[in-house]
Every structure is written in structure tokens, then in C-alpha cells.
Amino acid sequence: MTVKRSTPEWLEEAVFYQIYPQSFCDSNGDGIGDINGIISKLDYVKKSGFNALWINPCFDSPFKDAGYDVRNYFKVAARYGTNEDIVRLFDEAHKRGIRVLLDLVPGHTSDKCRWFRQSALPARNRYSDRYIWTDSGWSCPQGYNWVTGNADRNGAYMLNFFLNQPALNYGFNKITDPNWQISYKDKRVKPTLNAMMKVIRFWLDRGADGFRVDMADSLVKNDPDKTATASLWRKVRAMLDRHYPEAVLVSEWCNAPVAVNKAGFHCDFLLNHRGKLTDLAFYRREGNKGTAYFCKSAHVSAREMLQLYLQELAETRGNGYMCPVSGNHDVERLSYFLDESERRVAFVFLLTLPGVPFVYYGDEIGMRYVAQQSKEGGFHRTGSRTPMQWDADLPNLGFSSANKLYLDVDRGADAPCVAQQMRDGGSLWNEVRTLAELRKARPDLHSDGEMTVVQCTDDGVLCYRRGESTFVALNPTDEERVLRVDVGGILFETGSFRRQNGQTLLAPQTAIIFEKQGE
Ligand code: NOJ
């Protein structure tokens with residue numbers, strides 16, 4: 001079943017900025033970022049060209065998975081502030097024309113959540129079916145992860161991710177053991193979706209503009225083609241269309257034809273999943289060597305990079321958007337994969353594609369991946385979660401006045417910082433800001449504009465037209481290349497190009513945006 005719906009207009013011009021609240025700005029000197037810190041940096045967000053935020057989970061939690069283990073969905077974690085603070089964040093953001101998405105974790109809770117504690121009791125109660133339990137403590141069927149022996153209830157409970165994240169029960173699609181599996185259509189599992197709807201409404205009523213949705217495809221179990229999971233999300237979408245038509249849901253699904261067309265999400269992320277656009281463009285490595293399209297030593301061709309993307313773009317057009325990302329809190333930073341000259345070309349691509357782009361905090365100044373000990377279930381991801389670098393002349397680079405930080409800042413002498421890059425007209429920050437502003441100002445570059453490939457040659461050059469008259473030409477290789485399209489008025493340039501004998505030659509690591517009428 002494919003859904004045809006209108007999408008909130010504000011997504012057309014949206015350029016998102018992802019904030020990891022632990023690490024953005026510490027306003028009270030306790031060594032960890034907080035909501036008031038984010039509020040104090042909203043002018044920075046706006047100045048950088050962003051008009052929408054996604055904030056990683058900021059709810060009450062034991063933080064065994066950095067907040068993706070929610071204990072209370074209705075309460076901001078004390079370490080970040082209060083519910084009043086976040087309402088003030090919504091208001092202050094809206095005053096500046098910035099929308100705010102929170103992070104919804106619908107697939108699991110913390111094992112310390114009250115719902116789960118009740119569900120684990122031996123006596124039947126209204127939470128007994130809120131999580132997935134087998135009918136005996138000795139039964140842990142293959143194919144899922146279980147915990148047994150941790151509660152007096154005679155059953156094992158299913159995990160959705162880490163040990164402390166029991167799976168919420170939205171039922172099963174294909175039932176293989178009717179003794180304990182409940183159909184997703186059964187009224188015993190309906191309260192789970194209702195509870196999640198309540199969470200959604202609670203925060204939308206207080207001013208949130210929507211949610212990024214964690215593991216959105218994980219709700220119904222044994223649902224190989226995701227039809228049952230999609231049917232639940234369509235109910236959520238119908239509720240939004242009716243009561244909150246401006247609200248937006250962005251799924252962590254990485255399969256837009258299903259997430260957007262079938263489940264009714266407004267947007268779906270393009271993550272580092274193998275074969276997807278951002279994998280082929282930025283992240284792909286063979287051994288220790290980058291082989292993605294934007295690496296000078298690329299093995300991935302422009303054609304290979306675009307093939308599936310263009311197909312999915314055509315399939316989802318008019319229903320919703322794909323969201324290319326510069327990175328996120330789960331992968332090594334972009335600077336781990338691409339050097340600065342490569343990233344400058346990559347940002348032109350990211351910010352001129354159809355869909356809704358997301359920039360991970362700190363990528364706009366080229367923050368590094370700082371490998372270190374795991375924190376709060378981060379493992380290798382911890383190195384991408386270090387504090388934002390505001391000013392090289394301030395203690396802790398301006399992140400916090402504390403002596404001890406939640407996670408240490410990048411102590412490298414050349415750690416890139418906001419204040420210094422703002423003063424340098426040629427900085428990466430200035431490039432990202434200029435591109436974000438250009439994108440918002442030019443309807444051709446908006447989320448829904450056309451993308452037509454006009455040159456895609458085996459020598460690495462890619463040139464595409466967006467909308468009526470805006471062209472983007474890329475040469476990410478380390479050699480000069482011929483552009484077979486006449487260049488019109490330049491709108492943006494990184495690297496350089498020259499004309500010789502009637503040909504246009506793009507210098508190594510060059511990206512240009514130009515306009516040409518009547519094409
Ligand atoms: C995806 C999130 O991005 C990740 O950080 C988290 O650990 C898992 N989902 C589990 O919620």
C-alpha cells in the first residue's frame with residue numbers, strides 16, 4: 001500500500017543540524033552539555049545557515065546507551081535541565097525561525113522504566129503484555145536475543161538492542177508459537193502504540209516540531225517485508241495529519257520506498273548502510289583505505305554512487321524525502337573518511353541534493369574523530385561524540401568551565417574551532433554556511449526540485465542540474481578534468497576551473513555551482 005499525502009511546506013527549505021546534547025554547550029559548569037547551553041547557541045545555529053534541529057534523546061534515563069534507554073518519556077533528564085527549559089528552547093528556536101525535532105525511541109525502553117518493572121512482575125497487570133515475554137523462563141527461542149533469570153515472572157524477555165533495552169511489544173506478523181506470540185492486530189498489544197502516540201502528542205503539544213524516530217522498522221516482530229510495522233506507522237501519520245499537520249517524522253529506516261511510501265514517514269535517513277548513497281559517497285573503505293566517490297583514490301564511480309539513489313528518488317518523489325547526512329553519533333566523523341579538500345567538495349554535493357540534508361554538529365568546522373574509551377554504551381562511536389569546539393582561546397575550547405568533563409575535548413593543538421573559523425573567510429564553516437544560505441534562497445535547490453544528471457563520466461566528473469537552471473559540477477579526483485557542460489554565472493566555487501581551447505577544465509578537488517537559463 002503506497003500512501004499519497006502532502007508534506008509540511010517547511011521541509012522544502014529545511015537544512016538540519018544534529019545536536020548531541022551531552023556535548024554541545026555546558027551552561028552550568030557541571031562538565032556536561034544542557035538545554036540552556038543549546039539555547040545560548042541558537043544564534044550560532046541560525047548564523048551557520050541551519051533552520052532546523054534534531055536533538056538526540058534528552059529524556060530521563062540511566063544512560064546505558066547515551067539516552068536511547070528511556071526511563072521516563074515525559075521528563076527531561078535532570079542533567080540537561082527541566083521540561084520548562086525545553087519548552088523555552090522550542091520558543092526561542094521558533095523566534096529565530098528554527099524548528100526542533102526530538103528523538104523518539106519507540107522500539108524499546110530502559111529496563112528501569114516503570115512499564116518494564118511492572119511487566120516483570122509475576123502477577124498479571126496492565127503492563128504484562130507491554131514487552132515481549134516467552135511463556136517460560138527456560139524458553140529462549142533462536143533468532144532473537146533474550147534475557148532470562150532476571151525477574152520473578154516465568155518467562156524470558158526479548159531485547160531490541162543492548163542488554164538493558166527490552167523490546168516493547170507491538171506484536172508479531174507471522175506467528176510461529178501461539179503460546180506466547182501475540183498478533184500485531186490483537187487488542188492486547190494496542191496499548192503499546194497508544195502509549196507512544198501519547199508521548200508524541202505530549203511533546204508536540206509543548207512546542208516540538210516532530211521527531212527523529214529511532215529504529216523505526218523494529219516495531220512488529222517476524223515481519224520480514226515490514227507490512228505490519230508500516231501499518232502501525234500509518235496510524236501515527238494519520239493522527240499527525242489530522243491533529244498536527246505541521247509536525248514531521250524522520251525515520252531511521254534507510255529504505256525510503258518502504259518508510260516514506262508505505263509507512264508514511266515524511267523523511268527517511270540515508271545512513272551508512274552498505275550500498276546506500278552516503279556509504280558510496282563518503283564512508284566506503286576497503287581495509288584502511290577510503291574508496292568512496294569523494295576520496296581522491298575513489299573506486300566507487302559516480303554512476304555506481306547514484307544508481308540506487310536516483311531510483312529511490314523517483315519512487316518516493318511527491319511522497320516525502322530522503323535525508324543525506326554528513327554523519328551522526330553512530331559513525332566515525334566525516335573527517336575520519338575524507339580530508340579537508342575532499343570534504344569541501346562533498347559538502348557541495350550534500351547541500352545541493354534533493355531531499356532534506358542533515359549536518360552533524362561539529363562537521364561544519366571539520367571536528368575530528370577522537371578515538372577513546374567507551375562512554376555510556378558508545379564503544380567506537382564515543383570518538384564522534386566529543387564536545388563542540390567553540391573557541392581555541394577559552395578553557396575546554398569554550399564548551400564548559402568545569403575541571404572535569406563528561407567527555408574530554410579534542411586536545412590537539414590544531415583542533416578546529418568556531419570562533420577562529422568565523423574570522424576566516426575561507427574556512428570550512430564559511431563554506432557550509434554559504435551553501436546552506438544558497439540552498440534556502442534558491443528554489444531550484446529546495447528539497448523537492450528536480451535532479452537531472454548531465455555528465456557522469458568514468459574519469460570521475462559528475463554534473464547535474466537542479467530544478468530549472470542551477471547546475472552543480474564536481475571533480476573530486478586529484479587530476480584536472482574536462483567538464484563537458486558550458487559554465488554560466490558562478491554561484492559558488494571551491495577549488496578552481498579554467499577555460500582552454502574552448503574547454504572547461506576543473507582543477508583537482510573542485511566543485512562549482514552555476515546558473516544557466518533556457519537549458
Ligand atoms: C540507533 C541510535 O542511533 C543508536 O545510537 C542507538 O544505540 C540504537 N539505535 C538503539 O536505540
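Order of appearance sets the numbers: ligands from 1, and atoms from 1 within every ligand.
- The aromatic rings of Phe269 and Trp54 sit tilted, their planes meeting at an angle between 30° and 60°.
- Which parts of ligand 1 touch Asp330 is read off a 4.0 Å heavy-atom cut-off, strictly below it: atoms 1 (C), 2 (C), 3 (O), 4 (C), 5 (O).
- Annotation: atom 7 (O) of ligand 1 to nearest protein heavy atom, Asp65 OD2, 2.6 Å.
- With respect to the salt-bridge test (charged N to carboxylate O, under 4.0 angstrom), the residues Asp214 and Arg212 qualify.
- Heavy atoms of Lys64 found under 4.0 angstrom from ligand 1: none, in either backbone or side chain.
- Put simply, no part of Glu376 is less than 4.0 Å from ligand 1, judged by heavy atoms.
- Geometrically, Arg79 engages Phe63 in a cation-pi contact, judged by NZ or CZ lying under 6.0 Å from the ring centre and within 45° of the ring axis.
- Close contacts of ligand 1 with Arg381, meaning ligand atoms under 4.0 Å from a residue heavy atom, involve 4 (C), 5 (O), 6 (C), 7 (O).
- Across Trp203, Tyr80, Phe202, Phe74, a single residue satisfies ring-ring contact (aromatic ring centres under 6.0 Å, His included) together with Phe59, and that is Trp203.
- With a 6.0 Å cutoff to the six-membered ring centre and a 45° limit on the axis angle, Lys375 counts as a cation-pi contact of Tyr406.
- Heavy-atom contacts of His108 reach the following atoms of ligand 1: 10 (C), 11 (O) (cutoff under 4.0 Å).
- Atom 1 (C) of ligand 1 has Asp214 OD1, 2.9 Å as its closest protein atom, hydrogens excluded (heavy atom only).
- Looking from atom 8 (C) of ligand 1 to the surrounding protein, the closest heavy atom is Phe161 CE2, 3.6 Å.
- Cation-pi geometry between Lys226 and Trp253 is not met: the NZ or CZ atom fails to fall both under 6.0 Å from the ring centre and inside 45° of the normal.
- Atoms of ligand 1 found under 4.0 Å from any heavy atom of His329 (numbered from 1 in listed order, with element): 2 (C), 3 (O), 4 (C), 5 (O).
- A salt bridge links Arg344 and Glu340; the closest N-O separation between the charged side-chain nitrogens and carboxylate oxygens is under 4.0 Å.
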